[in-house]
Amino acid sequence: MEDLTAIAAEAAREGLDEGEEITRRKKVAEGWRGLGVSPYGGKFLKDTEAQEVTDRFEQLEGKHVSLAGRIMTIRSHGKASFADLRDQSGKIQLYFKQDILGDAEYGKFLMVDLGDIVGARGKVFRTRRGEISVQVEQLTMLTKALRPLPDKWHGLKDVDARYRQRYVDMIANPDVRKTFLVRSAIVAGIRRFMEARGFVEVETPSMHTIAGGAAAKPFITHHNALDMDLYLRIATELHLKRLLVGGMEKVYEMGRIFRNEGISTKHNPEFTSIEAYQAYADYYDMMELTESLVADAAKNAVGSTKVSYQGQEIDLTPPWPRRTMAQLVRELLGEDIAAMSDEQARKAAARLGLEVDKDATMGMCLNAAYDELVEPKLIQPTIVMDYPIEVSPLAKKREEDPRFTYRFEAVCVGRELANAFSELNDPIDQRQRFESQVDERQKGDEEAHMMDDDFVTALEYGMPPAGGLGIGIDRLVMLLTDSASIRDVILFPTMRPKA
RNA sequence: GCGCCACUAGCUCAGAUGGUAGAGCAACUGACUCUUAAUCAGUGGGUCCGGGGUUCGAGUCCCCGGUGGCGUACCA
């Protein structure tokens with residue numbers, strides 16, 4: 001013990017940040033080398049998963065199996081001991097008995113620390129207490145863990161550590177792994193769903209010369225050889241629509257989007273979206289696509305279209321109620337803003353306690369009223385149709401009332417789940433919309449669109465009428481895994497470096 | 001960006017009013033050949049987030065800074 005303390009003290013002097021425990025484990029690793037065994041072994045032939053031993057006990061009882069995984073707990077009784085081995089499938093109890101292993105092999109077991117990764121070969125049996133176990137005959141050291149595991153009972157709770165060291169979080173908190181497995185199942189299911197519907201998955205650039213397709217502040221990076229700034233994409237929309245021009249009729253992209261904005265329980269600077277475009281379709285087709293995709297994802301995640309989110313029961317079974325924004329504002333807030341002039345609308349907004357610009361239009365006031373006061377109340381999935389044109393620069397305007405567009409958002413638990421429209425394919429209209437966005441930008445709105453001449457040029461070649469859809473995958477996964485924070489569904493969320 | 005809160009052993013947490021820093025788990029030593037949060041006896045382990053200040057004396061009070069959480073703003 002004294003020499004360990006001395007070694008730790010020496011390590012500290014040398015600037016190595018390690019405690020006595022790490023020093024001790026390093027010495028144990030050297031001990032393995034002394035036995036002629038590398039503490040960082042190579043290939044190990046495992047033929048059985050931990051969970052399989054329990055699931056297939058009837059067939060496996062008395063047979064030999066080879067398992068590999070991490071030692072999570074050890075219960076030592078002198079000349080016999082138990083340990084729990086965990087692999088990706090689950091957990092199995094190992095039984096080590098000196099009589100069976102022999103002194104040398106049992107001595108090896110005594111050198112195993114919690115957290116070590118080992119291979120074990122032995123016979124499947126059931127203990128007197130009834131627990132299905134493996135009586136180990138051969139133990140193989142595969143990886144020495146130098147750092148101790150978090151508390152076996154309480155796990156790792158420090159949220160800072162959980163996000164920074166997700167690997168430790170996953171070791172200590174098995175539910176975390178489960179959440180990310182569900183996420184993977186959802187993503188894989190969406191790809192199957194889209195393929196079954198005839199959509200082709202494509203990859204468009206992540207680095208854009210113009211950041212378009214959404215209202216958001218971009219990250220800026222620099223290309224040295226071309227000596228020019230590039231933006232990380234804030235959406236995939238404008239490139240996917242170029243592909244419609246090129247003749248692809250059903251395309252989608254699922255990938256990472258970057259927005260240089262605040263971080264919160266619902267926002268991470270990089271996140272995953274899916275955008276899909278279907279030629280010759282309109283936003284009604286997108287409503288059906290959205291409902292079906294989400295319902296299918298729910299079945300993949302929880303086996304049902306009814307899910308529980310933060311104590312609320314949410315029924316995602318299609319079809320979802322379809323209401324226009326104007327209707328919802330009128331019914332829930334008692335102001336028929338859509339029937340008002342701009343000036344009347346500004347007064348109505350004031351009555352509702354909203355602050356709007358002096359020259360705000362009816363559409364802006366309606367959108368503000370909806371965003372602030374209606375959307376948070378929409379708990380069950382709802383399709384909110386017909387967004388004002390001012391806030392929808394890429395959506396086709398309505399024939400009978402050009403103040404509105406063929407755009408909807410699907411809303412659930414007070415949050416946007418999907419955003420879709422009948423795509424604007426009139427190049428002249430699109431150029432005007434960009435121009436008014438550029439005006440907004442010059443007035444100081446950093447999130448207004450930039451002019452994208454090449455995109456307008458593409459439309460001039462002719463983009464077929466189309467429906468388009470965007471869904472935030474992270475928020476969908478939050479809903480389907482009952483996660484309160486987006487950081488709980490992103491493996492490595494963005495964090496400031498620790499000082 | 002602003003406000004509130006948190007930061008103490010490897011992990012989970014206690015530490016009224018300022019007075020020699022504690023527990024459980026983990027680790028170490030010993031006992032124990034069917035335990036499962038194994039049990040029993042003993043031992044070691046601390047930059048109390050960092051830096052200033054007040055005080056005879058600061059984990060505790062004050063100021064500055066760091067990181068995080070929550071709320072809020074921003075986020076079609």
Side-chain angles (χ1 to χ4, degrees), chain A residues 1-2 4-5 8 12 17-25 28 72-84 91-101 106 113-115 125-131 133 135 145-164 168 171-173 213-217 234-235 237 259-269 271 325 355 363-364 367-368 370-371 375 387-395 405 407 409 415-416 419 421 437 440 445-449 470 472 484-485 487 493 495-499:
Chain A
M1 186 50 59
E2 272 179 18
L4 276 180
T5 312
D17 177 27
E18 62 182 47
E20 247 179 79
E21 174 65 2
I22 292 177
T23 305
R24 183 190 69 77
R25 286 178 179 238
V28 176
M72 299 304 293
T73 58
I74 294 174
R75 294 174 291 284
S76 176
H77 295 255
K79 296 188 175 68
S81 302
F82 296 88
D84 290 330
K91 196 173 82 172
I92 185 72
Q93 176 170 268
L94 303 180
Y95 181 48
F96 297 87
K97 199 175 176 190
Q98 196 170 40
D99 290 352
I100 306 239
L101 280 161
Y106 194 75
D113 284 308
L114 293 184
F125 79 114
R126 192 191 285 272
T127 66
R128 275 177 221 156
R129 294 291 180 94
E131 176 146 350
S133 307
Q135 182 167 280
L146 296 182
R147 292 178 185 268
L149 259 29
D151 190 294
K152 66 181 171 189
W153 193 243
H154 299 96
L156 181 66
K157 291 194 171 164
D158 182 332
V159 282
D160 186 35
R162 288 187 49 214
Y163 296 145
R164 286 181 200 281
V168 181
I171 294 168
N173 305 315
K217 288 175 217 155
I234 56 174
E237 174 148 358
R259 295 188 183 174
N260 203 343
E261 284 159 359
I263 293 178
S264 78
T265 49
K266 301 178 198 70
H267 302 85
N268 196 64
F271 61 99
M325 183 187 283
E355 281 182 31
M364 290 171 175
N367 187 62
Y370 166 76
D371 254 6
E375 189 178 71
Y387 274 60
I389 195 165
E390 297 92 323
V391 295
S392 313
L394 303 168
T405 58
R407 171 183 171 198
E409 283 193 6
R415 306 207 277 256
E416 171 192 338
N419 179 24
F421 23 98
Q437 287 287 307
E440 292 296 320
D445 182 357
E446 286 181 77
E447 283 154 10
H449 273 76
S485 168
R487 293 188 188 97
M495 303 285 278
R496 237 187 207 115
K498 198 91 170 169

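We name chains A, B, ... by the order of the sequence lines, and we start the count at 1 in each one. Note that the structure is a prediction, hence the values are computed from the model and not measured.
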>> Using a 4.0 Å heavy-atom cut-off, does Gly213(A) contact any base of the nucleic acid, only the sugar-phosphate backbone, or nothing at all?
In response: base

> Looking at CZ of Arg25(A) and CD of Glu20(A), how far apart are the two atoms once the value is rounded to the nearest 0.5 Å?
Replying inline: 13.5 Å

>> Classify Tyr95(A) by what it touches in the nucleic acid, base, sugar-phosphate, or nothing, heavy-atom distance under 4.0 Å.
In response: base

> Who is the Watson-Crick or G-U wobble partner of U35(B), with both distances under 3.5 Å?
Replying inline: none

>> Strictly below 4.0 Å: does Arg147(A) bring a side-chain N or O up to OP1 or OP2 of G10(B)?
In response: no

> In whole Å, what separates the P atom of G59(B) from that of G53(B)?
Replying inline: 15 Å

>> Measuring to OP1 and OP2 of U36(B), would you say a side-chain N or O of Arg129(A) lies under 4.0 angstrom away?
In response: yes

> Which value, in whole Å, describes the distance between the P atoms of nucleotides A16(B) and A21(B)?
Replying inline: 13 Å

> Is there a side-chain polar atom (N or O) of Arg24(A) under 4.0 Å from OP1 or OP2 of G45(B)?
Replying inline: no

>> Angle between ring planes, Phe82(A) versus His77(A), binned at 30° and 60°: parallel, tilted or perpendicular?
In response: perpendicular

> Think Arg75(A) has a side-chain N or O under 4.0 angstrom from the OP1 or OP2 of U35(B)?
Replying inline: no

> Can you tell me how far C1' in G66(B) sits from the matching atom in A76(B), rounded to whole Å?
Replying inline: 36 Å

>> For the P atoms, the ones on G18(B) and on C56(B), what distance do you get once it is rounded to whole angstrom?
In response: 15 Å

> At under 4.0 Å between heavy atoms, what does Leu149(A) touch on the DNA or RNA strands: base, sugar-phosphate, or nothing?
Replying inline: nothing

> Side-chain N or O of Lys266(A) less than 4.0 angstrom from OP1 or OP2 on C74(B)?
Replying inline: no

> Looking across every strand, which nucleic acid part, if any, lies under 4.0 Å from Pro393(A) by heavy atom: base, sugar-phosphate, or nothing?
Replying inline: base

> Does G22(B) have a Watson-Crick or wobble mate here (both distances under 3.5 Å), and if so which one?
Replying inline: C13(B)

> Is there a Watson-Crick or G-U wobble partner for U67(B) with both distances under 3.5 Å, and if so, which one is it?
Replying inline: A6(B)

> Taking only N and O in the side chain of Arg496(A), is any of them less than 4.0 Å away from OP1 or OP2 of G68(B)?
Replying inline: yes

> Which part of the nucleic acid, if any, lies within contact of Arg126(A), taking any heavy atom under 4.0 Å across all strands shown: a base, the sugar-phosphate backbone alone, or nothing?
Replying inline: nothing

>> By the 4.0 Å heavy-atom rule, please label Gln93(A) as base, sugar-phosphate, or nothing.
In response: base

>> Would you measure the distance from the C1' atom in A38(B) across to the matching atom in A31(B) and give it in whole Å?
In response: 14 Å

>> Students often get this wrong, so: under 4.0 angstrom with heavy atoms, is Thr127(A) touching a base, only sugar-phosphate, or nothing?
In response: base

> What is the pairing partner of C28(B), taking Watson-Crick or G-U wobble pairs with both distances under 3.5 Å in any strand?
Replying inline: G42(B)

> Given that both distances must come in under 3.5 Å, which nucleotide forms a Watson-Crick or G-U wobble pair with U55(B)?
Replying inline: none

> Can you tell me the Watson-Crick or wobble partner of U72(B), both distances under 3.5 angstrom?
Replying inline: G1(B)

> Looking at G45(B), C25(B), U12(B), which one has an atom nearest to any side-chain atom of Glu20(A)?
Replying inline: G45(B)

>> If the cut-off is 4.0 Å, is Lys157(A) near the phosphate of C11(B), judged by side-chain N/O to OP1 or OP2?
In response: no

> How far, in whole Å, is G57(B) from G19(B) if one measures between their P atoms?
Replying inline: 14 Å

> If the C1' atom of G46(B) is compared with that of G15(B), how far apart are they to the nearest Å?
Replying inline: 14 Å

> Expressed as a whole number of Å, how far does the C1' atom of A27(B) sit from that of U67(B)?
Replying inline: 29 Å

